[in-house]
Every structure is written in C-alpha cells, then in structure tokens.
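Shown next, in structure tokens, is the structure this report addresses.
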Amino acid sequence: MEAVYEWPEPIVRVQTLADAATIPDCYVRPCSERPNLAAVPVTASNNIPVIDFASLASGRETAAVAAACRDWGFFQLVNHGIETAEEVRRAWREFFALPMEEKQRYANSPATFEGYGSRVGVVKGALLDWGDYFFLHLFPPSPPTKWPSSPSQLREKTEAYCAALAKVVEAVKRAISAALGVEEGFMEAAFGEAAAAIRVNYYPKCPQPELTLGLSAHSDPGGLTFLLPDEHVKGLQVRHAGEWITVDPVPGGLIVNIGDQIQLLSNGTFKSVEHRVTANAAADRISVAYFHNPQDDILISPASEIVRRSGPALYRPITYKEYKIQIRMLGLGRQSHVDSLKTT
Ligand code: OGA
Ligand code: NI
C-alpha cells in the first residue's frame, strides 16, 4: 500500500464545535455504536486490575500481570514514582487553550501525523471522532520544529516525563516476558531498538454526547500504551466480556494496555483489547498516551517458544512499518488489522 499525503476533506477542529447546540452529521454514530451514558456502576469487580509498580519491578506480580494481560488487556499501574505527570498534563491543557491560529501552526497531515490533528483515517466521508490531538515521536524524535513553542516548558517537561516513563516501560516488559513464561529479555529483544511516541488527546465538551464518541472503538496498533488519564473526567471504556466497562482511574496511576504487536508476539495469549472514549456534555477531558513500539523494520512474529509449547503460529510475520501503513490508510478500527494476519 502507498502512503497518503493529504487529508481528503478540509479539517474542522472539534474544539470550534463545542459551543454549538447540535453536532454535525459526520460525528453522529449509527445507533449500534452509540454509548449508553447511563453511568455504568464501577465496582471493584468490574474495574480493570490495579498493580503496584514496586512489586511488579521486583518480580512479585507475575501472576497478576498474566491475568490482567490475558483477561483484560489492561491494568492500572500505581506507585510508579513518576513525579512530573501532573505538570505534563497541565502544560498540554495550556496548549489546547491557546488561540486557534497559534495551534494551527502545527496542523498535521497524514504524511507523518506529527502535530495538531483532528482525524486519523484518510477515507473521504468517514465518520469522525469528537476529539482533537497532538502527535509527536520521542524516539526516533520528531524535528524540534514540530513541537509547540508555547507553553515554553512544554517540550522539556514532556521529554522528562517520557524519559522517566521509559524506565517503567522496561520493567513492565520484563514482567510481561515472565508472565508469558519466556526468558526475561524476550520482549526487549523482540522490540529491537524500540520506538516511542505520544498522542495527547483533547476531548472538547460535546452538546450531544449520546450520539457520538470521543475516540471510536479501536485496539492500539503498537506494543504497549501508558495512558495518563484526566484527573477529573472519566471517559475511557474497555471491552470486557462483551460489555463496555468505564475505567475509574486511580489517582496518580497510569493505565497500561497491550497493543497489537504483543498480541502477535504472544501468539494471542495476551490480548490487544478494544477500547473507546465517550464524549461529555459537562466538561472537556485531556489524556496523554505514550506508545512504546517495536523498531520499524524488525519482523514481529509469534514467539517460537510459545508456538512450540502451544502452537500453531496464529499470525504471519510483519514489520511494524508495514502494519502502520495499513492502519493509516484505513483508520484505526476494531481488531481487523491483527485479524488480517491470521494464518488460518
Ligand atoms: C489512545 C486511547 C484513551 C483516552 O490514545 O489510543 O485509547 O482515554 N486513548 O484518551
Ligand atoms: Ni487507544
């Protein structure tokens, strides 16, 4: 597939639509995809598992990590020791509050996606999500000019946060290898010289949240995602046993989820689970997603040790580079991208 360099239609910033009485038709989902906003009760039994980072890093949570990755594809990581999370969220809030013409200087295109965006797929006439975002690569890094120059400390704060997070990610990868019953360095080797990127999601207030979604149902295409959720406003929902469970974020915690590449590497043992974000009439919401992805040109295929133990290999090998091109053409959506690699 060839990459595409232009958006198929003029871009409308969702933020400019927040104060209207109704939402444009291109945001109205078919009935089957509309969220049921009557609050889903969040109890200990239907919230995603919570795992303590200090215990995980010392190898004491192998069973809990295995159960979370297998049964939920998600967990919340508490006690991770990253102290700069709060100021990163605040800096990005400031960015999204800047005048539109300032933000437009960073308008992105589907050539690289870096910058200020309001859609992912390039299919003309596609249904759109009720959200704007800012996307950047950390490694290999985006050119400095792609970073907003205001607020002034935004780049330094974000990079410091991501550097601290990278250490947490390494420990989580070791825990995932242990949870899969493969050698400790398996994930590390499989990812090669891993890449990192962030997507800061900004979900403006929405006049008709019952008709739309902040982010449509998708699985994350990469390796692992570490989400810093909004401290006040819920919205992330995870598909579990056929239902949408609203995540109740633990204060100070990070939400970790398995992406498609770990589903492939684990031969389907660990699941890249569908999730989505609901829109909200009362408040806007911000989240900072950090994506830890395999080196672009390394082949990702089911671990031979897992295949030997419980084969056959369910997926054909693919590089992450090729995988991304498929997604950029078609937009994020469900599990169809992983499914397209099934061998049977
Ligand atoms: C994502 C994502 C969830 C959220 O950026 O891939 O799923 O709560 N974000 O913003
Ligand atoms: Ni996601």
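- Note that OG1 of Thr225 and OH of Tyr290 are 11.0 Å apart. Values are rounded to the nearest 0.5 Å.
- Side-chain atoms of Tyr202 and Asp284 include a donor-acceptor pair closer than 3.5 Å.
- Checked against the 6.0 Å centroid criterion, the rings of Phe113 and Trp7 qualify as a close aromatic pair.
- For the residue pair Gln237 / Thr246, a side-chain donor-acceptor distance below 3.5 Å is found, with atom types taken as modelled.
- With no hydrogens or angles considered, a side-chain donor-acceptor pair links His292 and Lys173 at under 3.5 Å.
- Side-chain atoms of Gln263 and Tyr315 form a donor-acceptor pair, as typed in the model, at a separation below 3.5 Å.
- If you take CG on Leu265 and CD1 on Ile306, they are separated by 8.0 Å, rounding to the nearest 0.5 Å.
- Under a 3.5 Å cut-off, the side chain of Thr112 and the backbone N or O of Glu114 do form a donor-acceptor pair.
- Counting heavy atoms from C-beta on, the side chains of Phe191 and Gln295 never come closer than 4.5 Å.
- More than 12 heavy atoms of other residues, nucleotides or ligands lie within 6.0 Å of CD in Glu9, so this atom counts as buried by the packing criterion.
- Atom CG of Leu299 sits about 13.0 Å away from atom NZ of Lys321, to the nearest 0.5 Å.
- Judged by distance alone, the side chains of Glu184 and Ser177 never bring a donor and an acceptor atom under 3.5 Å apart.
- Counting non-hydrogen atoms of other residues, nucleotides and ligands closer than 6.0 Å to CD of Glu102 gives a total above 12.
- Note that CG of Leu138 is 6.0 Å distant from CD1 of Ile198, once rounded to the nearest 0.5 Å.
- Taking each heavy atom of Lys271 and Arg70 in turn, the nearest pair found is CG-O, 3.8 Å.
- No more than 12 heavy atoms of other residues, nucleotides or ligands shown are found within 6.0 angstrom of CD on Glu193.
- Surrounding NZ of Lys157 are more than 12 heavy atoms belonging to other residues, nucleotides or ligands, all under 6.0 Å away.
- Side chain to side chain, Thr212 and Arg29 fail the donor-acceptor criterion of an N or O pair below 3.5 Å.
- There is a side-chain donor-acceptor pair under 3.5 Å between Tyr133 and Asn108.
- Cluster membership for Val277 and Val14, using ILVMFWY side-chain heavy atoms within less than 4.5 angstrom, is not shared.
- Rounding to the nearest 0.5 Å gives a distance of 11.0 Å between OG of Ser266 and CD of Gln261.
- For the residue pair Ser272 / Asp260, a side-chain donor-acceptor distance below 3.5 Å is found, with atom types taken as modelled.
- With 3.5 Å as the limit, one finds no donor-acceptor pair spanning the side chains of Asp230 and Ser287.
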Between Asp52 and Asn79, does a side chain to side chain donor-acceptor pair (under 3.5 Å) hold up when you go through it step by step?
CA-CA 6 Å; Asp52 180 90; Asn79 194 22; 3.1 Å; yes

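- The line from CG of Asn257 to CZ of Phe270 is 13.5 Å long, rounded to the nearest 0.5 Å.
- For Trp92 and Phe134, the ring centers are positioned less than 6.0 Å apart.
- Aromatic ring pairs are classed by plane angle as parallel below 30°, tilted from 30° to 60° and perpendicular above 60°; the pair Trp72 and His240 is parallel.
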